[in-house]
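Notes to accompany the following structure.
Counting convention: from 1, in listed order, for ligands and their atoms alike. Side chains are part of it too, since the values below use all heavy atoms of this structure and drop only hydrogens, waters and symmetry mates.
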Amino acid sequence: MSLKVVVTGKIPTAGLETLLAAGLAPIAWDKDQPMTRAELLVAVKGAEILITLLTEKVDAELLDAAGSQLRAVCNVAVGYNNIDVAACSTRNVRVTNTPGVLTDATADIAFGLILMVTRRLGEGERVIRSNDPWQWGMHYMLGSGIQNRQLGVIGMGAIGIATARRAKVFGMKVAYYSRSKIDDKIATELGAKQMSFEELLATSDVVSVHCPSNDSTHHLIGAEQFRLMKKSAFLINTARGPIVNEQELVDALKAGEIAGAGLDVFEFEPKVNSGLLNLENVVLIPHLGSATAETRAAMATLAANNAVAIASSQAPLTPVN
Ligand code: DGY
């Protein structure tokens, strides 16, 4: 196959090997630093297939820079808020993502954040690292237990369900807010109760965000929602930053409207609102949801297999449009 395939960011070799094995010779960016926008607009010129990372904005400008021969954009991520899907569809450009392969890795991180923030693990680690004196005490650094507490999942897709499974094993009750009802068997297995958005916010002890980021979920959670939540509740976000109004989260935390937050993603990533940085009841990690070597290899392989399918005029494995 002699299609021009451009890989716009550094991906695991498993992905490149998949392309090569199918006879595609990718032009691949191999630096850890992402391309600048200017470099990107030059690199995509003449591409028939683009393999992109979530750090690249695929909009009308980039599609025009690529040219009308472009057939597909294969994102190496399950989220595709970096891609203007409507602009792709208008130009007959297929978009694919990588669902499934990062479900467990991301749910592990969501649950890790739940444990970290409720049991004050980040704060505790900072105490040890500070070299300040400390002493075990009956009342020292008490956290909140999660057993018999309610996890409220916003967006009960694969990652939401996988997080709920972990919560169930730890003795939590599960509630969810989702556009659609989940499979009865899964609902029974988890004892999961579907709730309205408002009821879920008002009754949950931990609210974990797992919905996609798009126009309808932008700032889904802000001042009004924090006021509905329990003062003892925690917010976890491993989905996308813009779903939560980050400044209003800072305000709510400072006002004691909620008890804490665990964040893997940020509204203006990689920038983090400076108001979060000195709050002890917040755990902040740099978008690590899918960051295991195995998961990243699987994501790159799936994106490459989507590219191979499209290059051979087959249906892509995980299409978005
Ligand atoms: C995704 O695939 O959307 C994840 O956020 C990547 O870590």
Could you tabulate the donor-acceptor pairs under 3.5 Å formed by side-chain atoms of residues 314-321, not counting sequence neighbours?
from	atom 1	to	atom 2	distance (Å)
Q314	NE2	S312	O	3.3
T318	OG1	N97	O	2.7
T318	OG1	N306	ND2	2.8
N321	OD1	V95	N	2.8
N321	ND2	S89	OG	3.1
N321	ND2	V93	O	2.9

Pairs satisfying ring-ring contact (aromatic ring centres under 6.0 Å, His included), at least one member in residues 187-231, at least two apart: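 Of all non-adjacent pairs touching residues 187-231, those that pass ring-ring contact (aromatic ring centres under 6.0 Å, His included) are Y177-F197.
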
Side-chain contact test, heavy atoms from C-beta onward, threshold under 4.5 Å: evaluate it for L50 versus L62 and give yes or no.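 Yes. Closest side-chain heavy atoms under 4.5 Å.
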
Residues 107-116 side chain polar contacts: donor-acceptor under 3.5 Å, at least two apart:
from	atom 1	to	atom 2	distance (Å)
D108	OD1	R166	NE	2.7
D108	OD1	R166	NH2	2.9

SB check R37 D59 (cutoff 4.0 Å):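 Salt bridge: yes.
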
At less than 4.0 angstrom from any atom of ligand 1, which residues have a non-hydrogen atom? List them by chain and residue number.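 Protein residues near ligand 1 are L54, A77, V78, G79, L102, R240, H287, S290, R296, M299.
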
Return yes if a side-chain donor-acceptor contact under 3.5 Å exists between D264 and N237, otherwise no.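 No - no donor-acceptor pair under 3.5 Å links their side chains.
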
